[in-house]
Amino acid sequence: MCNLFRAGAVAEFEQALPLGLDGGLLLPELGFVPTDAPLRALLRQAGVTVLSARPTGLLDGFPLVLTHSAGRLACEVVVLAHPVGLDPVESWFEERITPQREQAVRLERPQTGPAITTQQGYIRWRDDGEGGTLLTGCRWATPTMALGERDLSVLEPRIHAKLDAFARDHLGTTATTDRWAWLGGRPCDGLPFVGPLPGTPRRVACVGFHDNPWGLGPAAGVAVARALLTGTSDLPADFAPSRMV
């Protein structure tokens with residue numbers, strides 16, 4: 001059964017999968033930003049200073065003091081939004097967000113159709129914006145599902161073997177130009193954390209979207225920004241960090 005949600009999508013999906021894969025989700029209007037350059041340009045136009053430094057700690061007080069690899073930064077409010085690596089800054093996340101290594105290959109074959117996800121979200125592919133196809137997934141090839149993995153220098157061969165087989169059997173290509181890995185963060189109950197941390201209203205979470213960054217992330221970011229700038233909060237109660245208390 002195809003997990004599709006609009007009239008005519010099944011036929012379109014079948015055309016996108018000429019080799020007969022039997023299920024998946026069609027995302028015909030998926031957009032993505034290939035680098036952070038456009039975001040940085042918008043921030044500069046808005047008068048926002050972008051500091052590229054590794055955070056090392058967050059000290060209580062008023063203002064809060066964020067320590068980082070280049071020094072210190074005084075903050076009225078800190079929004080914690082990085083998917084992994086928050087432990088040194090805020091220990092509250094240590095047992096609540098688990099790092100998870102994802103692996104990908106870049107295929108020479110161009111992806112002319114829409115972005116597609118299949119196998120209940122465990123395999124995804126889309127145009128990479130540079131004339132090739134980005135294929136990622138297959139964490140199920142390992143006993144641990146790559147949970148708790150932090151080492152990006154490791155490329156698990158069992159995962160890449162499955163990605164190669166999928167590219168050959170369903171995308172009609174075996175030519176790969178690059179392989180790499182990155183880290184995501186999986187919340188302990190599968191839901192993101194959006195809103196003030198319990199007992200610390202000036203530490204605000206907007207993190208934990210994992211496989212759904214474009215579905216939940218932008219709306220959560222808008223809600224957090226609106227709450228901080230206007231004092232009007234429509235933060236989703238189901239995502240409140242206080243649910244962990």
Side-chain angles (χ1 to χ4, degrees), residues 33 36 39-40 42-43 46-102 120-122 139 144-152 182-245:
V33 179
D36 64 352
L39 175 60
R40 289 177 178 269
L42 288 172
L43 291 173
V48 176
T49 299
V50 178
L51 175 66
S52 297
R54 180 174 56 85
T56 57
L58 187 58
L59 307 177
D60 282 323
F62 190 84
L64 294 171
V65 176
L66 178 69
T67 62
H68 54 81
S69 56
R72 294 188 171 201
L73 187 66
C75 308
E76 183 177 347
V77 176
V78 172
V79 178
L80 302 155
H82 197 276
V84 291
L86 288 172
D87 298 1
V89 178
E90 177 50 68
S91 60
W92 189 87
F93 292 103
E94 185 175 351
E95 296 181 353
R96 295 177 174 90
I97 293 186
T98 303
Q100 177 178 288
R101 187 172 58 217
E102 296 278 358
Q120 297 183 353
Y122 284 112
R139 290 185 297 104
T144 64
M145 295 284 286
L147 283 170
E149 302 289 350
R150 294 178 179 267
D151 189 353
L152 293 181
W182 68 92
L183 292 181
R186 179 172 289 278
C188 56
D189 63 354
L191 296 177
F193 297 111
V194 182
L197 298 186
T200 56
R202 290 185 291 123
R203 302 180 185 213
V204 180
C206 188
V207 69
F209 306 103
H210 190 58
D211 289 334
N212 301 291
W214 294 111
L216 299 175
V222 168
V224 169
R226 183 183 298 116
L228 292 175
L229 296 175
T230 70
T232 302
S233 176
D234 55 358
L235 299 176
D238 290 342
F239 298 165
S242 59
R243 71 181 187 271
M244 294 286 109
V245 177

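A pairwise comparison of heavy atoms in Thr98 and Gly148 identifies CG2-N, 3.6 Å as the closest pair. Contact between Val204 and Pro201 at its shortest, heavy atoms only, is CG2-O, 3.8 Å. Residues Cys75 and Pro63 come closest through the heavy atom pair O-CB, 3.3 Å. Nearest heavy atoms, Ala220 versus Phe209: CB-CZ, 3.6 Å. When every heavy atom of Gly208 is checked against every heavy atom of Pro187, the shortest pair comes out as O-CG, 3.1 Å. The minimum heavy-atom distance linking Ser69 with Thr56 is given by the pair N-CG2, 4.3 Å.
Between the side chain of Arg139 and the backbone N or O of Tyr122 there is no donor-acceptor pair closer than 3.5 Å.
Between Leu59 and Arg72 there is a side-chain heavy-atom pair separated by less than 4.5 Å. Between Arg96 and Cys188, some side-chain heavy-atom pair lies under the 4.5 Å cut-off.
A salt bridge links Asp60 to Arg203: one of the charged nitrogens lies within less than 4.0 Å of a carboxylate oxygen.
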Pairs of donor and acceptor atoms involving the side chains of residues 192-199, under 3.5 Å and at least two apart or interchain, shall be tabulated with distances.
none

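Rounding to the nearest 0.5 Å places OG1 of Thr232 at 8.0 Å from CZ of Arg226. Put simply, CD on Gln100 and OG1 on Thr144 are 9.0 Å apart, with the number rounded to the nearest 0.5 Å. One distance of note links CD of Glu90 with CG of Leu80; it measures 6.5 Å at 0.5 Å rounding.
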Please report the C-alpha distance between Leu191 and Arg243 in whole Å, then the side-chain angles of each, then the deciding distance to 0.1 Å, and finally whether the side chain to side chain contact (heavy atoms under 4.5 Å, CB included) criterion is met. CA-CA 10 Å; Leu191 296 177; Arg243 71 181 187 271; 3.5 Å; yes

Could you check Phe93 against Val207 for side chain to side chain contact (heavy atoms under 4.5 Å, CB included), going step by step and ending with a plain yes or no? CA-CA 10 Å; Phe93 292 103; Val207 69; 3.6 Å; yes

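For the side chain to side chain contact (heavy atoms under 4.5 Å, CB included) criterion with Leu58, the lone passing option out of Val65, Thr67, Val78, Leu73 is Val78.
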